[in-house]
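One-based numbering, in listed order, for ligands and for the atoms of each.
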Amino acid sequence: MLVLVINCGSSSAKYQLFDADRKVSLAKGVIERIGQYGSSCSDHHAAMKIIVDRLTDKKTGVISGAAEISGVGHRVVHGGEEFKESTLITKKVIASIEKYSALAPLHNPPSLSGIKACAAILKGVPQVAVFDTSFHQTMPEAAFLYGLPLEYYRKYALRKYGFHGTSHRFVAEEAARRLGKPKSQLKLITCHLGNGCSMTAVDGGRSVDTSMGFTPLEGLIMGTRSGDLDPAAVLILLEKEGSSTSAINDLLNKKSGLLGISGVSNDMRDIFKVAKGKGPKTRRCKLAIEMFVYRIKKYVGAYMAAMGGLDAVVFTAGISENNPWLVDRIKKDLAPCLPVGTKFIVVPTNEELLRARDTFNIIKRKRGR
Ligand code: ADP
């Protein structure tokens, strides 16, 4: 069965075609600058057409016709509290994803455009939504509620949702396989350290707490996001800087984190380079690395306590997969205070493969009915 996996952003559409039976990727690519000035790709509908044309191109394509595609799996960032797992896309599901655009205004609308474009271009092909939030829907109330008056949870759905769920689920399953134990018997802490960074406590295969919150701003120090902060600091910034809420939103999401602390870059590679030298920004870069590491260690301690034990800390995404120094440093610092035998492992993430797998399983189930 051939499954096409799509990840639509506001101006890009990534795609990958899988032979889901053999679990191999046949083709992948990205369409960029969608809808931007001077681009030949005006919208997501045009982007989907280009993708299908590329895949079916007589000379360079990998399939002879769109009819060979049996299903499409879409990344959808926010599924609110409704979607606890991946789901077959129906009119009702589309209406719900539209509703949750209020919670993810930058992410859900482009996914919807991709879904609607696929429905028009690949008529009758079943589509599946794979949500970034659904893996974390197993968190207990005590973990996902904020210490605000409870009516705001009811009024505004204000709670911790968590993100990067597909990556945390994938690496937790892969780690269990490598450790040779069923996931139901493992207490894992998964660390997704890329441009965005988050950690999850995975107890018996279920997410019981995660560091990102109502939005992806909470938790770890990230490339350009501040992570955890006293909310009163935001109020002071609003007052003293005379800024608008959107300027503060920009400051917290785009100018903080590693970039704001180092004054150099949001990219760990650049920060390491400067930290190793003797320039004017060396101290700030060293501090950025220290703060990054410190917060990860703090979360490991917190999540071990939350789960009442720990079998392994699992690292994934760009920083973990390319920077052995950082993982070693965290391991060296933490090993003495963790249960004897706690493993530290690096597992490359593959969210697309998990989306393809979910799509394949859901379509197989549908056919079997
Ligand atoms: P995303 O979260 O966007 O998927 P990635 O998982 O690709 O991002 O991670 C990107 C980040 O990985 C970069 O910003 C960079 O900080 C980090 N990275 C990549 N290669 C290295 C490296 N060799 N050393 C340190 N960090 C690296």
#### Entry: Y146: partners by side-chain hydrogen bond (donor to acceptor under 3.5 Å, both in side chains), with sequence neighbours left out
E218
### Task
Kindly confirm or rule out a cation-pi arrangement of R159 over F144, judged by NZ or CZ under 6.0 Å from the six-membered ring centre and within 45° of its axis?
yes
### Task
Below 4.0 Å from any atom of ligand 1, which residues have a heavy atom? Give them in chain and number order, please.
G194, N195, G196, D267, M268, R269, A317, G318, I319, N322, N323
### Query
Parallel under 30°, tilted from 30 to 60°, perpendicular over 60°: which one fits the rings of Y152 and Y156?
parallel
Would you tabulate the side-chain donor-acceptor contacts of residues 97-107 under 3.5 Å, counting partners in other chains and residues two or more places apart, or write 'none'?
residue: E98; atom: OE2; partner: K116; partner atom: NZ; Å: 2.9
residue: Y100; atom: OH; partner: E82; partner atom: OE1; Å: 2.9
residue: S101; atom: OG; partner: I97; partner atom: O; Å: 3.4
residue: S101; atom: OG; partner: E98; partner atom: O; Å: 3.2

### Message
Does the plane of the ring in Y161 sit parallel, tilted or perpendicular to the ring in F214? Use 30° and 60° as the thresholds.
### Response
tilted
### Query
Can you name the residues that form a salt bridge (Lys or Arg N to Asp or Glu O under 4.0 Å) with R22, not counting sequence neighbours?
D19
